[in-house]
Structure formats: C-alpha cells, structure tokens
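Only heavy atoms go into these numbers, but all of them, side chains included; no hydrogens, no water, no symmetry mates. Remember, it's 1-based here, ligands and their atoms both numbered in the order they're listed.
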Amino acid sequence: LLLLGIVGFRNILPNLGDVFQYHHVASGEYGWNLILVNRDNYIPDDYTVELTELSNGQKVDSRIYPSLQEMFDAARAEGLGLFVADGYRTAETQQQILEGKIEAYKNEGYSSEEAEKKAKEWVAVPGTSEHQLGLAVDIVSLKNQRLDHQQENTAEQHWLIQNSWKYGFILRYPTNKNNITKVGYEPWHYRYVGKVHAKKIKELGVCLEEYIENKDQY
Ligand code: ZN
C-alpha cells in the first residue's frame, strides 16, 4: 500500500425520504475512533474526513492509514496477502450500491416494495454505512477477492480474526452478535477503533454497540 495523496472531503447528505423520518445523529462523545454509525445512528451532516488513497485506488481516513499499513506488513511477513476490497464510500456511491441491489431483486421477480425491503437487509442506507466514515475496510484474501462465504475459510481471515485487534481493528459484525448489530454475514468488514479499544473489545467479547453502551464502566 502506498500513500498516493490526501483528499479532503465533506460528506454530502443523501437526498432520500429520510427528512420525513426521525433519526438519531451519531455522536463522537468518546472520540472520533469510537463514533457509532448504524441503522439507528446517522453520520452527522457536517462530518468531514481527510482521506489517504491506497495503491489500488481505495481510500481510508488518513488517521487509520499507518495502522492499516502496519497490519498489512505483519500479515505479509507471515506469507499472507490481504487486499482492501472497499474502503471509504461517498453517500452517492452507497446510494448506487443500494439501488443496484434493489434492481437485482426486482430482476429476480420481487415487487419494488419487496425488492427495496430485501436490499436494505444487506446494504446500508446512505448515512448509516461505516464506509462513509472512512474508518471501515472490507479486507479479503488476495487469492479470493470475492465477498462471499469462502472468505471465512481463508488463512487471511483466520489471521485477521486472531490479530487485527493488535492494530486497532475489530471484526465489526461477528455472527453471534447479529441480533444487536442487525447486520448479517460480513466476515470481511473491519472497523478501526484504535489499539486500546480493540484490545478491550476483543477481551470482553462484545460488539461495538455493546461497548459504547457500557463505555462508562470500562
Ligand atoms: Zn464493509
């Protein structure tokens, strides 16, 4: 991974029906690296992120780049090849991904309403994706760059599950926390929270929602 450039970017609010619907704005009260974004906590409309571009064109928040590089170097030293399949996304990109998924379901014969409902089970609505923060990376094996069930069986994912916390990254949606995160199967989605928090989250066996909720106790 190479540092190619830094791009300043202001998130643009999605032009959706969201204006008619109350939603909570994600708070950064515990610091930028612990901001909780999910379907109930939207990215603040004044959120800004300074980005660093990776050698494959993906971008991440510049503050997490050194740790990401460190993690990739450590994996490489053990003969493993990690690949960032997806990093920072704009609200527009997120909207396009959602629309693509809705179309795919419609092509399978679902009604517009059903297709939208099903698509939203898999793709976050713009404003609710951690990828818009630049703090989330979808990491796959170089040998298998598809985001599919095979990822879980790669040596790279096994290594990440064991070691990512050392570099400040957590597996964001563990399968056993689906009932809390409301996100299904995503073994490739890692979220930067910083080394201190990643270690605690790993030790406690909690997901980010639980960690933030009980933050004052730690
Ligand atoms: Zn992801």
Side-chain angles (χ1 to χ4, degrees), residues 1 9 11 14 26 32-43 47 49 51-54 56-65 67-68 71-72 75 82-102 104 118-142 144-154 156-161 163-165 167-178 180-194 197-198 201 207-209 211-212:
L1 302 176
F9 194 89
N11 252 316
W32 64 270
N33 48 330
L34 281 187
I35 186 168
L36 179 67
V37 166
N38 55 25
R39 64 178 66 198
D40 299 319
N41 294 283
Y42 279 64
I43 296 168
Y47 191 82
V49 51
L51 297 165
T52 294
E53 192 171 323
L54 311 179
N56 71 350
Q58 295 296 330
K59 299 184 185 86
V60 295
D61 185 312
S62 298
R63 294 169 292 190
I64 79 168
Y65 177 77
S67 299
L68 187 66
M71 183 163 75
F72 274 53
L82 303 180
F83 182 79
V84 173
D86 216 351
Y88 173 78
R89 288 180 201 149
T90 63
E92 288 72 18
T93 303
Q94 190 65 30
Q95 178 68 17
Q96 282 163 12
I97 294 170
L98 181 61
E99 282 169 9
K101 196 78 174 167
I102 293 171
K118 284 191 81 69
K120 285 178 179 173
E121 287 169 14
W122 290 100
V123 181
V125 169
T128 70
S129 170
E130 285 191 331
H131 284 283
Q132 289 174 248
L133 293 172
L135 301 177
V137 271
D138 291 338
I139 307 175
V140 295
S141 163
L142 256 181
N144 175 16
Q145 298 182 14
R146 288 188 309 274
L147 274 61
D148 63 15
H149 281 62
Q150 296 301 326
Q151 280 304 328
E152 231 180 14
N153 305 319
T154 64
E156 281 78 8
Q157 286 299 338
H158 290 164
W159 186 88
L160 282 170
I161 286 164
N163 297 287
S164 67
W165 63 273
Y167 308 94
F169 290 86
I170 56 165
L171 178 66
R172 179 67 176 87
Y173 308 115
T175 318
N176 64 344
K177 299 291 180 185
N178 287 354
I180 300 167
T181 63
K182 307 285 195 294
V183 174
Y185 190 83
E186 283 204 31
W188 46 77
H189 184 105
Y190 288 84
R191 159 67 195 267
Y192 183 84
V193 291
H197 299 301
I201 288 169
C207 63
L208 189 56
E209 277 79 2
Y211 187 69
I212 303 274

_The test is salt bridge (Lys or Arg N to Asp or Glu O under 4.0 Å); show your working for Arg172 and Glu209 and say whether it passes._
CA-CA 10 Å; Arg172 179 67 176 87; Glu209 277 79 2; 2.9 Å; yes
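Listed by chain and number, the residues in a salt bridge (Lys or Arg N to Asp or Glu O under 4.0 Å) with Arg39 amount to none (sequence neighbours excluded).
Closest approach between the Zn ion (ligand 1) and any N/O/S atom of Asp138 involves OD1. Among the heteroatoms counted here (N, O or S) of His189, ND1 is the one nearest to the Zn ion (ligand 1).
Around the CH2 atom of Trp159, the shell of radius 6.0 Å holds more than 12 heavy atoms that belong to other residues, nucleotides or ligands.
Screening Phe169, Tyr88, Tyr167 for a ring-ring contact (aromatic ring centres under 6.0 Å, His included) involving Tyr192 leaves a single residue, Phe169.
With a cut-off of 2.8 Å, the Zn ion (ligand 1) has no N, O or S atom of Asp86 in range.
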